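Sharing a structure here in structure tokens format.
Read the numbers this way: they start at 1 and go in the same order the structure lists the ligands and their atoms. Source: prediction; values computed, not measured.
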Amino acid sequence: MCGIVGYIGERQAVDVLVNGLKRLEYRGYDSAGLSIISDSNLITYKKQGKVADLETIIEGKNHRSNIGIAHTRWATHGAPSDVNAHPHRDNSGRISIVHNGIIENYGLLKKALIKRGYSFHTETDTEVLAVLIGAFYEQTKNLELSVRKALSEVVGTFGLLVLSLDEPDRIIAARRGSPMVLGIGDGEYIIASDATAIIQYTKQVIYLSDNEMAIVSKDNFATKTIDNIETNNQIHQIEFDLEELEKGGFEHFMLKEIHEQPYTIQNAYKGRLIADKGNVKLGGLRNVADKLRNAKRIIFTACGTSWHSALVGEYMLEQLAGVPVEVEYASEFRYRNPVLYPDDIVFAISQSGETADTLAAVYEAKQKGCTVLGIVNVVGSSIARETEAGIYIHAGPEIGVASTKAFTSQVMVLALVALYLGRMKNLSQLDGKRIASEIIQLPDKINQILARCEDIKQIAKKYIYAKNILYLGRGYNFPVALEGALKLKEISYIHAEGYPAAEMKHGPIALIDENMPVVFIATKDEIYHKIISNIEEVRARGGKVIAIATEGDTQIKQFANDVFYIPETLPMLTPILSVVPLQLLAYFFAKELGRPIDQPRNLAKSVTVE
Ligand code: M6R
């Protein structure tokens with residue numbers, strides 16, 4: 001949520017900042033803005049809308065500047081508007097800040113500042129922080145100290161960049177609960193919410209920790225805690241390449257990411273799956289292997305799509321390892337005093353590694369003494385760093401707001417965890433080998449599905465009239481039904497619900513009529529005949545059925561209006577295949593309807609607010 005970027009060095013700051021904002025735009029696109037120092041002036045441009053709208057107002061201005069900060073917004077406090085756009089200034093007009101996060105006590109702080117004679121021009125919580133920093137600066141005449149003092153009064157979360165005319169050779173950065181990465185170039189620094197805004201200039205980065213600040217000037221930088229204790233940070237290397245941030249010939253990032261899946265799931269198991277032994281090697285879990293083996297219970301916590309993959313993981317771990325598993329919405333987890341035991345293992349699953357609810361669940365579980373592990377995509381992200389150990393899914397940057405390749409990679413990693421734990425327990429080598437041999441066939445099978453994506457496009461065209469769509473599946477395909485419905489909702493704005501197919505008769509069946517298409521994920525498994533009965537129940541009420549079925553299943557054609565076939569695999573691995581046509585279906589619906597697929601309304605990629 002919200003992207004921030006700062007630059008100091010020899011380049012034209014405006015170019016670096018605008019480039020950075022374009023990379024970060026997937027984090028929020030309600031407004032964009034920047035501040036630079038040029039010829040001893042603090043100049044700010046900001047505009048409601050996308051970075052392209054900001055570009056129209058700075059075009060041709062040609063300010064010479066080598067220092068600046070910028071922001072792309074996902075609105076929380078105050079509607080999306082020019083005035084509420086960041087950067088925000090203090091009352092002197094000499095300090096400018098950009099902020100990602102929420103200042104929870106901004107109301108109280110604002111009242112107190114108004115009493116002291118300060119004024120406000122926006123509805124944002126961020127302006128309160130800017131004015132507070134300015135108020136301290138009046139007393140201290142020291143920017144770093146003023147930021148530190150202001151932050152000690154603040155309750156909430158922030159990724160913050162501060163620029164001041166009085167100290168024009170430095171940017172002050174600080175974080176608590178919102179990510180911040182410092183890119184170390186040759187005589188230049190780029191500070192941003194994530195590495196995507198940095199990689200064009202350098203691959204060397206430092207991930208700031210919570211409650212840490214960086215004071216960055218052209219030739220050096222210092223890091224310290226907000227209460228002024230010096231810190232030492234390891235320099236990391238960004239693992240992905242610039243090309244991974246481009247669309248690579250696809251019309252949308254989402255479509256590109258869907259097509260990357262044969263390769264990304266391979267990345268998830270490469271070097272980990274020992275196929276000829278039916279085993280798995282998970283270096284990230286080496287130090288917690290005994291705890292895992294002895295766990296009485298495993299809890300997955302996540303949000304959105306990651307929560308759906310957790311559900312698949314639940315079924316897998318129970319099937320292969322015989323361990324009880326619970327799946328918790330991270331957003332509910334800490335608010336209901338969950339009963340946790342020290343020998344519980346809690347896995348936090350997150351693509352971004354920054355989701356505020358999931359991070360809060362991590363803290364809650366840690367506080368209760370559990371072993372907390374991560375299954376995360378973004379290297380160096382908060383959840384990756386706050387968990388005791390974990391596994392990266394290695395899906396590469398996911399830019400489309402609708403998560404696709406992260407889902408299949410998470411499910412892949414969960415299959416590895418289930419196999420790993422299963423083999424530590426009672427799963428035979430023969431079964432392990434069978435699963436492994438099916439896993440390595442998956443990339444090819446996804447390719448076979450992608451090769452028929454035109455068929456899905458035709459299905460989307462046929463049902464484009466629909467205002468509501470129901471997604472039904474059983475067993476391993478129930479979470480896929482949820483995921484298919486979520487994909488459709490978020491990018492096409494068509495209302496969709498996912499249900500376990502057998503639950504339909506307990507309520508949703510009342511919705512069925514000839515205008516209500518129902519997507520059944522009806523692949524061949526032990527409960528196939530049951531789902532056929534559910535399909536018949538829908539047909540009997542005039543509903544239209546789109547079936548995702550297993551190749552070779554000719555019977556289903558009698559029951560469904562449209563069938564899309566996927567290759568056969570083990571039921572536990574089916575979600576990795578059956579979700580792909582549903583991702584494409586959502587994509588083509590949204591495209592037919594002319595929706596902004598990579599940046600759907602009201603959403604942002606990583607939800608760093610509660
Ligand atoms: O980064 P995370 O996996 O923690 O994100 C969780 C959800 O916000 C995310 O999956 C969201 O539901 C996606 N937009 C779904 O496509």
Side-chain angles (χ1 to χ4, degrees), residues 1-3 26-29 74 177-179 193-194 196 252-255 257-258 261 264 300-313 327-333 347-362 374-387 390-411 413-414 471 479-480 482-493 496 498 579-580 582-587 589-590 595-610:
M1 277 281 88
C2 300
Y26 72 97
R27 302 176 68 92
Y29 29 85
W74 186 85
S178 299
S193 304
D194 69 49
T196 57
H252 296 98
F253 280 111
M254 182 184 179
L255 192 61
E257 286 157 8
I258 291 172
Q261 291 176 110
T264 49
F300 288 124
T301 186
C303 299
T305 288
S306 300
W307 186 82
H308 298 155
S309 60
L311 286 179
V312 180
V327 179
E328 299 274 358
Y329 276 119
S331 51
E332 290 293 313
F333 189 63
F347 273 98
I349 307 179
S350 173
Q351 186 285 127
S352 61
E354 300 294 348
T355 300
D357 289 319
T358 312
L359 193 54
V362 167
I375 295 180
V376 172
N377 190 30
V378 177
V379 176
S381 56
S382 300
I383 293 173
R385 279 137 39 86
E386 288 298 330
T387 44
I391 313 162
Y392 282 119
I393 64 170
H394 294 314
E398 191 180 63
I399 309 289
V401 166
S403 185
T404 52
K405 63 177 179 172
F407 176 80
T408 43
S409 294
Q410 286 166 346
V411 173
V413 162
L414 286 162
Y471 286 70
V480 178
L482 296 179
E483 177 60 8
L486 178 64
K487 288 294 85 94
L488 189 74
K489 274 188 270 217
E490 49 179 359
I491 60 163
S492 75
Y493 317 150
V579 78
V580 178
L582 302 188
Q583 296 167 342
L584 288 166
L585 191 64
Y587 175 83
F589 263 111
R595 307 295 193 220
I597 291 178
D598 285 329
Q599 297 178 341
R601 69 182 177 204
N602 305 337
L603 288 171
K605 184 69 183 162
S606 54
V607 185
T608 54
V609 294
E610 276 194 66

Quiz item: Considering only protein heavy atoms, which is closest to atom 3 (O) of ligand 1, and at what distance to one decimal place?
Solution: Ser306 OG, 2.5 Å
Self-check item: Shortest protein contact, atom 8 (O) of ligand 1 (heavy atom only)
Solution: Val607 CG2, 3.9 Å
Quiz item: For atom 2 (P) of ligand 1, what's the nearest protein heavy atom and its distance?
Solution: Thr355 OG1, 3.2 Å
Quiz item: Nearest to atom 9 (C) of ligand 1, what protein heavy atom do you find, and at what distance?
Solution: Thr305 N, 4.1 Å
Quiz item: Would a distance-only check, ignoring hydrogens and angles, find a side-chain to backbone donor-acceptor pair under 3.5 Å from Thr408 to Lys405?
Solution: yes
Quiz item: Say you draw a straight line from OG of Ser381 to OH of Tyr392; how long is it, rounded to the nearest 0.5 Å?
Solution: 5.5 Å
Quiz item: Hey, does the side chain of Tyr29 reach the backbone of Leu603 with a donor-acceptor pair shorter than 3.5 angstrom?
Solution: yes
Quiz item: For atom 6 (C) of ligand 1, what is the nearest protein heavy atom, given as residue, atom name and distance?
Solution: Cys303 O, 3.3 Å
Exercise. Provide the closest heavy-atom pair for Ala302 versus Ile349 in the form atom of the first, atom of the second, distance.
Key: CB-O, 3.3 Å
Quiz item: Would Lys487 count as a contact of ligand 1 if the rule is a heavy atom under 4.0 Å away?
Solution: yes
Quiz item: With a 4.5 Å limit on heavy-atom distance, are the side chains of Leu255 and Leu584 in contact?
Solution: yes
Quiz item: Any side-chain donor-acceptor pair under 3.5 Å between Ser306 and Gln351?
Solution: no
Practice problem: Could you list which atoms of ligand 1 come closer than 4.0 Å to a heavy atom of Ala402? | Solution: 16 (O)
Quiz item: For ligand 1, which atoms, with element, lie under 4.0 Å from some heavy atom of Gln351?
Solution: 1 (O), 2 (P), 3 (O), 4 (O)
Quiz prompt | Numbering as shown, the atoms of ligand 1 that approach Val401 to under 4.0 Å (heavy-atom distance) | solution = 13 (C), 14 (N), 16 (O)
Quiz item: Do you see a donor-acceptor pair shorter than 3.5 Å between the side chains of Gln261 and Thr404?
Solution: no
Practice problem: Look only at interatomic distance and state if Gly304 has a nitrogen or oxygen under 3.5 Å from any nitrogen or oxygen of ligand 1. | Solution: no
Quiz item: Is there side-chain contact between Phe347 and Val413, with at least one heavy-atom pair below 4.5 Å?
Solution: no
Practice problem: Indicate yes or no: does an N/O atom of Glu490 lie under 3.5 Å from an N/O atom of ligand 1? | Solution: yes
Quiz item: What atoms of ligand 1 come closer than 4.0 angstrom to any heavy atom of Ser352?
Solution: 1 (O), 2 (P), 4 (O)
